[in-house]
> 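Here it is: the structure, laid out below.
Proteins come first, then strands; the chains are lettered A, B, ... in the order of their sequence lines, and each starts at number 1.
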Amino acid sequence: MSSSSPSGKELASTFNPADIESSLYSKWLKADYFTADASSSKEAFTMKRMKGYEVLWLPGMDHAGIATQNVVEKQLGAQGLSRHDLGREEFVKKVWEWKAESGGAILDQMKRLGVSVDWSRERFTMDEGMSKAVVSIFKKMHDAGLIYRAERIINWCPRCLTALSDIEVDHQDDAGEFVQIRYGEGEQSIVVATTRAETMLGDGAVAVHPDDPRYKHMIGTEVLLPLVDRMIPIIADELVEMDFGTGAVKVTAAHDPNDFEMAMRHNVPFVVIMNEHGVMAGTGTEFDGMDRFDARAAVVAKLKEMGRVVAEKRPYIHAVGHCSRCDTTVEPRLSKQWFVKVAPLAKASADAVRSGEVKIEPEALAPRYFEWVDNMHDWCISRQLWWGHRIPVWYGPNGEVEVVGPDQTAPAGWTQDPDVLDTWFSSGQWAFSTFGWPEKSADLAKFYPTSVLVTGYDILFFWVVRMMMMSTFAMDGVAPFKTIMLHGLVRDQFGKKMSKSRGNVIDPIEFMDKYGADALRFTLARGANPGTDQALAEDWIGGSRNFATKLWNATRFAMMNGANVNGALPATSELNAIDRWILSRLSETLRDVDSLLEGYEFARACETLYHFAWDDLCDWYLELSKETFASDNKASSQRVLGHVLDQLLRTLHPVMPFITEELWCTLTGGESLVVAQWPKADSSHIDKKSEKLISTLQEVVTEVRRFRNDQGLKPSQKVPGRFSGSADVLEYSSALRFLLKLEDKDFTPSASLEIGGIKIELDLTGSIDVVAERARLEKDLAAAKKDLQTAEVKLGNAGFMAKAPADVVVEIKERLGKTTADIERITAALAALK
RNA sequence: GGGUGCUUAGCUCAGUGGUAGAGCGUCUCGUUUACACCGAGAAUGUCGGGGGUUCGAAACCCUCAGCGCCCA
């Protein structure tokens with residue numbers, strides 16, 4: 001069968017995604033559809049290309065400092081090498097090589113998915129341009145007093161050998177131990193509790209709550225610290241919780257952030273007892289040279305021997321920090337690092353959202369944002385890595401410290417700080433430095449601030465907050481986006497997090513190979529409920545593929561029947577009720593989808609389109625219209641069907657770009673959906689009268705089908721039948737006959753049904769299955785009686801009548817009338833069965 | 001410990017005051033002029049428990065239980 005088209009193309013009889021995807025993507029790239037023009041007069045936007053906006057979607061990647069360095073180090077490790085064997089320069093070269101190979105994988109995935117990004121603007125955080133911007137912003141922030149260097153307790157990974165920011169630490173419940181140790185002798189003794197016994201070697205004090213009656217008399221005195229035999233003071237600090245443990249805590253200033261704070265307040269000395277590998281060092285005890293965990297056991301054993309262990313709890317489940325990249329237990333460590341003073345930046349970021357300049361979608365996530373920005377600690381930005389932007393600070397021979405800007409050079413003989421910057425320091429500049437900042441570029445003027453940031457809520461704190469802070473600082477108080485749209489994470493089919501260890505990771509390429517990019521995209525969009533994670537199962541991608549196939553076949557069928565978009569749509573007065581109905585449904589669908597998309601309700605928008613396409617269009621419109629298309633009076637319907645498909649394909653294009661492009665171009669002969677106009681709902685098409693009529697037809701069809709099914713008739717078996725009732729329904733008798741396989745000829749009815757005022761008489765040639773029919777009718781009768789009762793109770797309730805809104809009362813009254821009629825009808829039918 | 005969310009059909013989830021829904025799965029029938037990646041029909045829920053507000057609660061409030069996430 002042929003399906004000639006304006007494009008001269010024909011649709012293959014089966015849909016195979018692989019046949020069209022890559023060639024269509026090449027077509028779009030070749031046509032430069034995704035390249036944004038900064039000199040355009042159109043309003044800038046990132047998603048509404050089809051609505052006539054100048055759209056820029058800028059692709060790129062960050063350099064993922066720790067993660068990337070770890071991967072390359074691991075590869076070296078397999079050859080028995082460390083990065084130090086290569087030296088800094090060689091090592092960084094290796095990382096670049098690795099990046100060139102692997103970075104392409106993500107970009108390939110994006111291309112396979114058909115994303116409409118502007119590849120001419122692709123950026124990488126380690127690019128020359130962005131690197132220059134990093135130095136510029138560092139200097140600008142330093143000059144503004146927002147960057148400082150200080151000795152602090154930071155999170156230290158003894159494996160990666162680098163500092164970590166707070167958010168690079170994951171807290172897990174680990175099975176540790178809780179040990180109570182007696183310090184001092186006789187009267188002058190006090191019991192402290194700890195989960196990290198080995199740190200007692202570095203204790204500088206014991207702290208108690210100032211109001212604790214148990215210890216009040218001891219405040220200001222000293223106790224003997226066992227093993228190291230040093231006298232340490234007992235201090236009072238409000239930070240101590242009286243109810244926790246023994247109410248007395250050891251103060252290890254150099255190895256615990258809380259202790260550090262207390263130590264600063266009370267002048268407690270900082271005693272460092274571990275090296276960067278987490279190995280005990282410099283304590284002058286037998287424990288030097290032991291790994292921290294071995295030392296923990298050894299210290300406890302020794303104290304036990306001395307009779308100083310008062311109580312032990314093991315296992316003691318408590319939260320322990322782990323390196324988010326390698327899972328090693330983090331060790332708090334006193335060290336000199338660079339920090340960003342976040343208070344003013346965080347305040348500006350919070351204010352931008354509070355004032356409404358920036359909107360967070362879904363709104364429910366805004367409190368999390370505030371909780372974070374309102375209570376932010378200073379941000380440790382130095383990392384003891386080689387892969388990343390090297391800190392642009394140089395040290396002179398006489399202790400001078402200078403920040404060297406992008407166009408400056410350090411004096412001879414000075415040395416640069418060996419550390420690099422946190423990855424988020426550079427990716428936090430994405431919103432402006434990708435546009436060429438600090439140059440006042442045309443892109444910057446046109447596209448900053450960007451309209452919407454779409455990202456996962458898991459990096460709200462990592463990335464979004466950094467971008468807010470750095471952008472508002474760099475861009476004179478103007479926030480980087482108008483809307484922050486946060487989506488959930490993809491999880492496995494049971495809603496579990498995907499992880500390599502669980503073995504439940506889904507490879508998008510594999511599923512695109514199997515079901516097509518459109519199917520994957522539609523599945524993801526259809527599951528994207530605001531702010532919540534979505535489960536993803538192969539079956540559901542298969543379901544979306546089925547939907548794509550359905551669209552393909554519907555369009556193919558429509559074209560075989562002459563669907564077209566030639567000339568103006570006929571006036572509604574010239575159309576039959578079926579055509580008026582589908583136009584009405586189309587209009588309502590477009591209206592609903594538009595408002596759902598505006599609210600970022602992608603899942604519900606997809607659901608709406610899915611049901612319009614499959615149920616309204618395929619199951620009902622096409623079936624009801626087959627009669628028309630077989631007749632001579634089909635021109636109007638052909639035009640209407642062409643219009644409906646045209647509009648539907650446009651609307652589905654953002655979620656299913658490939659198949660819609662292929663179908664639409666074939667159907668209409670148009671150039672490309674990428675640059676086609678977004679449909680506008682035509683409210684003049686809304687026609688409640690036709691909707692009511694079609695819903696009566698649907699009811700009749702469904703009821704007769706049920707009857708046929710209950711009577712054991714084969715779907716294809718033809719049976720004589722006729723209708724009687726209101727004229728506007730009878731007008732579609734032949735369509736009904738076609739759907740119900742009813743023959744138009746003289747016969748003596750052996751069964752009759754009545755639905756919605758229409759009487760259907762059938763000849764089942766012989767006796768009908770009375771038992772089956774009786775069972776069905778009785779079931780319906782019970783349901784109708786229950787409905788009737790519900791309605792009667794409501795209408796008989798004085799409170800309901802007095803307080804319920806008028807339209808609800810009307811609705812219930814109508815329901816009462818309908819169920820009453822149903823009961824009469826069913827009762828009569830039952831009586832007639834005898 | 002603080003914050004926050006969730007609990008609705010076998011599974012994954014929609015549904016913010018007016019007769020409980022979808023997709024997938026299940027059962028029955030079926031190659032009828034797009035489509036078996038299909039069509040038709042069917043079954044399946046005291047909406048986590050208990051209390052309250054209301055004429056009316058899956059939805060609002062309180063409480064209990066279980067699960068999750070973020071942060072310390």
Side-chain angles (χ1 to χ4, degrees), chain A residues 1 3 11 13-15 166-167 169-171 241 244 257-258 318-319 321 364-365 367-368 371-372 375 377 457-458 460-461 488-489 491-497 515-516 519 523 526-527 529 531-561 601 603-604 606-607 610-611 614 618-619 622-623 626 629-630 701-702 704-710 712-718 738-741 776 783 786-791 793-805 807-809 811-812 815 819:
Chain A
M1 211 169 288
S3 50
L11 293 175
S13 60
T14 51
F15 167 53
D166 289 347
I167 50 180
V169 176
D170 293 336
H171 293 268
E241 280 180 59
F244 188 74
N258 289 328
H318 64 130
L365 289 175
R368 284 202 203 177
E371 209 213 320
W372 184 262
N375 304 298
H377 294 210
Y457 67 75
D458 57 326
L460 177 62
F461 308 135
L489 275 36
R491 312 184 82 109
D492 78 359
Q493 58 181 317
F494 301 113
K496 298 277 177 233
K497 200 171 169 176
Y515 301 104
T523 308
R526 192 187 193 181
N529 287 115
T532 59
D533 290 347
Q534 62 170 311
L536 182 65
E538 179 164 357
D539 280 353
W540 308 335
I541 303 172
S544 298
R545 185 268 321 262
N546 296 354
F547 179 53
T549 307
K550 192 77 181 172
L551 287 173
W552 183 274
N553 282 308
T555 307
R556 197 165 65 91
F557 177 70
M559 290 179 63
M560 290 190 312
N561 283 287
E601 300 248 33
R604 292 173 68 190
C606 288
E607 208 63 22
Y610 178 93
H611 287 291
W614 202 310
C618 294
D619 288 348
L622 291 181
E623 294 301 327
K626 276 179 177 170
F629 287 124
V701 169
T702 305
V704 175
R705 279 174 176 164
R706 278 190 1 165
F707 178 78
R708 288 185 55 124
N709 207 284
D710 289 346
L713 291 178
K714 306 275 184 221
S716 56
Q717 188 177 332
K718 295 211 167 158
F738 177 80
L739 285 187
L740 294 168
K741 299 287 174 285
R776 151 116 288 148
K786 203 179 152 207
D787 286 352
L788 180 72
Q789 198 191 356
T790 313
V793 166
K794 285 203 175 199
L795 294 172
N797 181 333
F800 175 79
M801 295 308 283
K803 293 185 180 174
D807 56 328
V808 175
V809 176
E811 198 191 313
I812 303 289
R815 199 183 299 155
T819 37

> Rounding to the closest angstrom, what is the interatomic distance between rA20(B) and rG66(B) at atom P?
31 Å

> List in chain and number order the residues that pass salt bridge (Lys or Arg N to Asp or Glu O under 4.0 Å) with Arg545(A), two or more places apart in sequence or in another chain; answer none if no residue qualifies.
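Listed in chain order: nothing, the list is empty.
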
> Any donor-acceptor pair, under 3.5 Å, between the side chain of Glu601(A) and the base of rA14(B), if you only look at N and O atoms?
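Result: no qualifying N/O pair found.
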
> Looking at the side chain of Thr549(A), which of rC13(B), rC35(B), rG41(B) is the nearest nucleotide?
rC35(B)

> Select one nucleotide: of rG41(B), rC13(B), rA34(B), the one nearest the side-chain heavy atoms of Ala535(A).
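For Ala535(A), the side-chain atoms sit closest to rC13(B).
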
> Are any of Arg708(A)'s side-chain N or O atoms less than 4.0 Å away from OP1 or OP2 of rA40(B)?
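Arg708(A) to rA40(B) OP1/OP2: no side-chain N or O under 4.0 Å.
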
> When the distance from CG of Leu489(A) to C1' of rG5(B) is rounded to whole Å, what number comes out?
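Taking atom C1' of rG5(B) as the reference, CG of Leu489(A) is at 15 Å.
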
> Nearest to the side chain of Thr532(A), which nucleotide is it out of rA14(B), rC35(B), rA40(B)?
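It is rA14(B).
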
> If the C1' atom of rG18(B) is compared with that of rU28(B), how far apart are they to the nearest Å?
36 Å

> Measure the distance from CD on Gln534(A) to C1' on rA14(B) and round it to the nearest whole Å.
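In whole Å, rA14(B) C1' lies 13 Å from Gln534(A) CD.
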
> In whole Å, what separates the C1' atom of rG56(B) from that of rC38(B)?
43 Å

> Sticking with atom P, work out how far rC11(B) lies from rG45(B), rounded to a whole angstrom.
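Here rC11(B) and rG45(B) have their P atoms 13 Å from each other.
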
> Where does RNA chain B pair, written as one dot-bracket string 5' to 3', with Watson-Crick or G-U pairs under 3.5 Å, ( ) inside the strand, [ ] for crossing pairs and | for another strand?
((((((((.[[[[.)..(..]]]].(((((.......))))).....[[[[[..)....]]]]]))))))).

> Considering only the C1' atoms, how many Å lie between rG3(B) and rC60(B), rounded to the nearest integer?
22 Å

> Once each nucleotide of nucleotides 16-30 of chain B is scored for protein heavy atoms under 4.0 Å, what B/S/- sequence comes out, 5' to 3'?
--BB--SSS----SS

> The side chain of Met560(A) is closest to which nucleotide in this list: rA40(B), rC13(B), rA34(B)?
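Out of rA40(B), rC13(B), rA34(B), the nucleotide with an atom closest to Met560(A)'s side chain is rA34(B).
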
> Provide the distance between the two P atoms, one in rA40(B) and one in rA36(B), to the nearest whole Å.
14 Å

